[in-house]
Amino acid sequence: MQKVTLRIEGMHCGGCVKSVTRILQEFDGVAIANVNLEAANAEVTFDHTKVSVADLIDAVENAGFDAQQA
């Protein structure tokens with residue numbers, strides 16, 4: 001398992017946190033997605049053989065948020 005922190009901009013409420021969490025957890029290979037509104041980030045534990053950091057970032061951005069690896 002690999003761990004990455006993504007910086008996520010555009011989250012304004014708990015609903016945004018739930019949306020980003022759901023998006024990340026939908027990936028096969030994501031074990032844990034801890035999204036923090038105050039810190040504007042997500043700590044994701046995932047299997048890099050099943051999903052890439054770029055895939056995670058693309059999914060979050062496709063949902064209307066700005067994301068990058070921290």
Side-chain angles (χ1 to χ4, degrees):
M1 288 291 188
Q2 187 173 342
K3 190 172 185 177
V4 67
T5 300
L6 302 178
R7 182 113 183 101
I8 302 174
E9 295 182 18
M11 296 189 298
H12 303 291
C13 64
C16 294
V17 171
K18 286 183 181 179
S19 293
V20 173
T21 301
R22 180 183 46 78
I23 289 161
L24 294 171
Q25 289 180 336
E26 283 179 351
F27 279 98
D28 181 33
V30 171
I32 302 168
N34 289 322
V35 182
N36 186 308
L37 178 63
E38 292 77 24
N41 69 17
E43 291 184 355
V44 185
T45 303
F46 64 101
D47 181 344
H48 71 281
T49 64
K50 294 184 178 181
V51 64
S52 71
V53 173
D55 292 333
L56 300 174
I57 290 171
D58 286 346
V60 172
E61 289 189 336
N62 287 339
F65 302 96
D66 290 325
Q68 60 185 321
Q69 188 168 350

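Values below: every heavy atom of this structure, side chains too, minus hydrogens, waters and symmetry copies. Positions are given from 1, in the same order as the sequence printed here.
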Novice: Pick one: which of Asp47, Asp55, Val44 meets side-chain contact (heavy atoms from CB on, under 4.5 Å) with Phe27?
Specialist: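 Option passing the side-chain contact (heavy atoms from CB on, under 4.5 Å) with Phe27: Asp55.
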Novice: Counting only pairs under 3.5 Å, give me each side-chain donor-acceptor contact of residues 15-23, with atom names and distances, residues two or more places apart or in other chains.
Specialist:
| unit_1 | atom_1 | unit_2 | atom_2 | d |
| --- | --- | --- | --- | --- |
| Ser19 | OG | Gly15 | O | 3.1 |
| Thr21 | OG1 | Val17 | O | 2.8 |
| Arg22 | NH1 | Glu26 | OE2 | 3.3 |

Novice: Which atom pairs, one a donor and one an acceptor, fall under 3.5 Å between side chains of residues 32-42 and the rest of the protein, sequence neighbours left out?
Specialist:
| unit_1 | atom_1 | unit_2 | atom_2 | d |
| --- | --- | --- | --- | --- |
| Asn36 | OD1 | Glu38 | N | 3.0 |
| Asn36 | OD1 | Ala39 | N | 2.8 |

Novice: Taking all non-hydrogen atoms of both residues, which atom of Thr5 and which atom of Glu43 are closest, and how far apart?
Specialist: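 That closest heavy-atom pairing would be OG1-CG, 3.8 Å.
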Novice: Would you name the heavy atoms of Gly29 and Lys50 that are closest together and state the gap between them?
Specialist: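 That closest heavy-atom pairing would be CA-CD, 3.9 Å.
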Novice: Show every donor-acceptor pair shorter than 3.5 Å between a side-chain atom in residues 58-70 and any protein atom, with sequence neighbours excluded, or say none if there are none.
Specialist:
| unit_1 | atom_1 | unit_2 | atom_2 | d |
| --- | --- | --- | --- | --- |
| Glu61 | OE2 | Ala67 | N | 3.4 |
| Asn62 | ND2 | Asp58 | O | 3.2 |

